[in-house]
Asker: 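Got a structure here, written out as structure tokens. Questions coming.
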Amino acid sequence: MGFWRTIRSDIDAVFENDPAARGWFEVIFTYSGLHAIWAHRVAHFFYRRRLFSMARIISQVSRFFTGIEIHPGARIGRKLFIDHGMGVVIGETCEIGDEVIIYQGVTLGGTGKEKGKRHPTIGNRVVIASGAKVLGSFSVGDHSNIGANSVVLREVPPNSTVVGIPGRIVKRNGKRIEDRLDHTNLPDPLIETFRFMQKEINELKAEIDRLKPKADSVESEPVSVPAYDKKRS
Ligand SMILES: CC(C)(COP(=O)(O)OP(=O)(O)OC[C@H]1O[C@@H](n2cnc3c(N)ncnc32)[C@H](O)[C@@H]1OP(=O)(O)O)[C@@H](O)C(=O)NCCC(=O)NCCS
């Protein structure tokens with residue numbers, strides 16, 4: 001995609017995602033997320049040409065003015081929208097797909113235990129809500145939502161909603177996932193055993209009832225008792 005078309009699509013992303021965006025002038029001059037993305041595109045240009053210091057300087061100057069730190073090595077797709085922006089950190093080996101929304105305070109970082117690729121890969125049309133931390137070199141699938149203040153440490157399949165610390169999937173393909181412990185209805189192993197025994201007894205009773213008519217129909221042979229012979233005794 002050409003330079004001007006990229007700039008245009010970055011601005012379009014603001015209008016598509018922020019109902020508060022009023023006009024071009026305001027968007028171009030006051031949206032710090034947009035400034036950080038543009039600065040990153042320049043920094044990434046130098047990074048790819050191995051001018052690392054130059055790239056880092058641009059990135060740090062941008063951070064000073066916007067409060068958003070994007071490492072020049074990060075790969076960012078089309079129409080990324082960073083709303084509010086302050087406190088966003090995006091690591092060096094992070095990859096971000098198209099039409100992603102990131103709110104303030106988001107970290108796309110490493111755990112500190114990995115080498116090489118150590119930051120997440122974010123799919124297309126992912127929403128990462130304010131304060132969320134996505135840490136490690138796994139992927140977040142397309143169309144997923146990461147809830148505010150979650151700490152995500154594992155792969156997220158596409159079309160999922162992840163919330164909490166550590167992040168757990170609460171919705172997938174629009175359906176709720178019931179994996180929460182219901183503290184008011186904890187399982188009782190004794191009651192479960194009695195229920196199992198009662199079920200066995202009922203089955204055995206039914207089996208006996210089923211066999212009974214057959215047993216009644218079998219005619220028993222009369223037992224012949226030899227007569228008592230007084231003479232022999
Ligand atoms: C996660 C989010 C994107 C919504 O995704 P969604 O797929 O529509 O999910 P839902 O709203 O249906 O919520 C699913 C469940 O997760 C819970 N949940 C949602 N966000 C949560 C969060 N951040 N922490 C804990 N639980 C959360 C909901 O209460 C709901 O639980 P329930 O099923 O028991 O009712 C949204 O809740 C969110 O965090 N938005 C924040 C946007 C933001 O950062 N705004 C700042 C603007 S300045």
Side-chain angles (χ1 to χ4, degrees), residues 6 10 13 17 31-158 160 162-168:
T6 307
D10 289 337
N17 295 301
Y31 275 66
S32 56
L34 206 51
H35 302 155
I37 292 166
W38 286 339
H40 171 73
R41 297 209 191 279
V42 177
H44 190 62
F45 172 87
F46 286 107
Y47 183 89
R48 283 176 55 193
R49 278 149 191 83
R50 306 187 65 78
L51 295 165
F52 299 124
S53 302
M54 185 60 172
R56 269 318 271 263
I57 289 166
I58 294 166
S59 157
Q60 289 303 302
V61 170
S62 164
R63 174 182 178 271
F64 180 81
F65 285 107
T66 64
I68 298 167
E69 182 168 337
I70 309 177
H71 193 286
R75 284 167 38 191
I76 290 177
R78 285 184 327 110
K79 288 190 168 184
L80 169 65
F81 176 54
I82 302 178
D83 202 4
H84 309 291
M86 186 59 82
V88 168
V89 176
I90 299 175
E92 182 182 15
T93 59
C94 188
E95 292 164 62
I96 300 177
D98 296 334
E99 299 181 39
V100 170
I101 301 174
I102 292 177
Y103 289 95
Q104 71 274 15
V106 163
T107 302
L108 305 179
T111 55
K113 295 182 224 160
E114 292 155 308
K115 301 254 184 285
K117 167 84 172 136
R118 55 201 186 282
H119 304 113
T121 298
I122 310 296
N124 299 322
R125 301 188 73 97
V126 171
V127 176
I128 309 176
S130 50
K133 316 290 172 216
V134 185
L135 307 174
S137 64
F138 51 83
S139 340
V140 174
D142 295 349
H143 302 272
S144 288
N145 293 322
I146 309 296
N149 286 331
S150 315
V151 179
V152 183
L153 300 167
R154 287 205 194 121
E155 178 114 8
V156 177
S160 309
V162 175
V163 299
I165 304 173
R168 63 183 197 289

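Computed from a predicted structure; not experimentally measured. All residue numbers refer to positions in the sequence shown, counting from 1.
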Asker: Can you tell me if Ser32 uses its side chain to pair, donor with acceptor, with the backbone of Gly85 under 3.5 Å?
Answerer: no

Asker: Is a donor on one side and an acceptor on the other found under 3.5 Å between the side chain of Lys133 and the backbone of Ser150?
Answerer: no

Asker: How would you list, by chain and number, every residue that makes a side chain to side chain contact (heavy atoms under 4.5 Å, CB included) with Phe65, sequence neighbours excluded?
Answerer: Val61

Asker: Please set out all donor-acceptor pairs under 3.5 angstrom arising from side-chain atoms of residues 69-80, sequence neighbours excluded.
Answerer:
from	atom 1	to	atom 2	distance (Å)
Glu69	OE1	Arg63	NE	2.7
His71	ND1	Gly73	N	3.0
His71	NE2	Arg56	NH1	3.1
Lys79	NZ	Glu16	OE1	3.4
Lys79	NZ	Glu16	OE2	2.8

Asker: Applying side-chain contact (heavy atoms from CB on, under 4.5 Å) to Val140 and Thr121, what does each step give before you reach the verdict?
Answerer: CA-CA 6 Å; Val140 174; Thr121 298; over 6 Å; no

Asker: Over all heavy atoms of both residues, which pair between Ala129 and Gly147 is shortest? Give the atoms and the distance, please.
Answerer: CB-C, 3.7 Å

Asker: Test Pro120 against every option in Leu108, Leu135, Ile90, Ile128 by the side-chain contact (heavy atoms from CB on, under 4.5 Å) rule and name the one that passes.
Answerer: Leu108

Asker: Testing the basics here: between Val88 and Tyr103, what is the closest heavy-atom pair and its distance to 0.1 Å?
Answerer: CG2-O, 3.4 Å

Asker: Is the terminal nitrogen or CZ of Arg49 (NZ for Lys, CZ for Arg) located under 6.0 angstrom from the six-membered ring centre of Phe45 and within 45° of that ring's axis?
Answerer: yes

Asker: Inspect the surroundings of CZ in Arg41 and state if more than 12 heavy atoms from other residues, nucleotides or ligands are less than 6.0 Å away.
Answerer: yes

Asker: Rounded to the nearest 0.5 Å, what separation is found between the CD1 atom of Ile96 and the CD atom of Glu99?
Answerer: 14.0 Å

Asker: Looking at Ser59 and Ile57, would you say the former's side chain and the latter's main chain have a donor-acceptor pair under 3.5 Å?
Answerer: no

Asker: Let's go through Phe46 and Ile58 carefully: what are the C-alpha distance in whole Å and the side-chain angles of both, what is the deciding distance for side-chain contact (heavy atoms from CB on, under 4.5 Å) to 0.1 Å, and is it a yes or a no?
Answerer: CA-CA 9 Å; Phe46 286 107; Ile58 294 166; 3.5 Å; yes

Asker: Could you tell me whether a side-chain N or O of Ser137 sits under 3.5 Å from a main-chain N or O of Arg118, the two making a donor and an acceptor?
Answerer: no

Asker: Counting only N and O atoms by type, is there a donor-acceptor contact under 3.5 Å from the side chain of Thr66 to the main-chain atoms of Ser62?
Answerer: yes

Asker: Working to the nearest 0.5 angstrom, can you tell me the gap between Thr107 OG1 and His119 NE2?
Answerer: 10.0 Å

Asker: Which word best sums up how the rings of Phe52 and Tyr47 line up, parallel for under 30°, tilted for 30 to 60°, or perpendicular for over 60°?
Answerer: perpendicular

Asker: Evaluate the side-chain proximity of His143 to Pro158: yes if any heavy-atom separation is below 4.5 Å, no if none is.
Answerer: no

Asker: How many angstroms lie between atom CD of Glu92 and atom NZ of Lys117, to the nearest 0.5 angstrom?
Answerer: 10.5 Å

Asker: Would you compute the distance between atom NE2 of His84 and atom CD1 of Ile68 and round it to the nearest 0.5 angstrom?
Answerer: 11.0 Å

Asker: Closest heavy-atom contact between Ile146 and Val156?
Answerer: CD1-CG2, 4.4 Å

Asker: Please name all residues satisfying side-chain hydrogen bond (donor to acceptor under 3.5 Å, both in side chains) with His40, sequence neighbours left out, ordered by chain then number.
Answerer: none

Asker: Applying side-chain contact (heavy atoms from CB on, under 4.5 Å), run through Asp10 and Trp38 and close with a yes or a no.
Answerer: CA-CA 9 Å; Asp10 289 337; Trp38 286 339; 3.1 Å; yes

Asker: Could you tell me whether the side chain of Asp142 and the main chain of Asn124 form a donor-acceptor pair under 3.5 Å?
Answerer: yes

Asker: Identify the heavy atoms of Gly141 and Ser144 that sit nearest to each other, and give their distance.
Answerer: O-OG, 3.1 Å

Asker: To the nearest 0.5 Å, how far apart are CG in Asn17 and CD1 in Ile101?
Answerer: 3.5 Å

Asker: Is there a side-chain contact (heavy atoms from CB on, under 4.5 Å) between Ile102 and Asp83? Walk through the geometry before answering.
Answerer: CA-CA 6 Å; Ile102 292 177; Asp83 202 4; over 6 Å; no

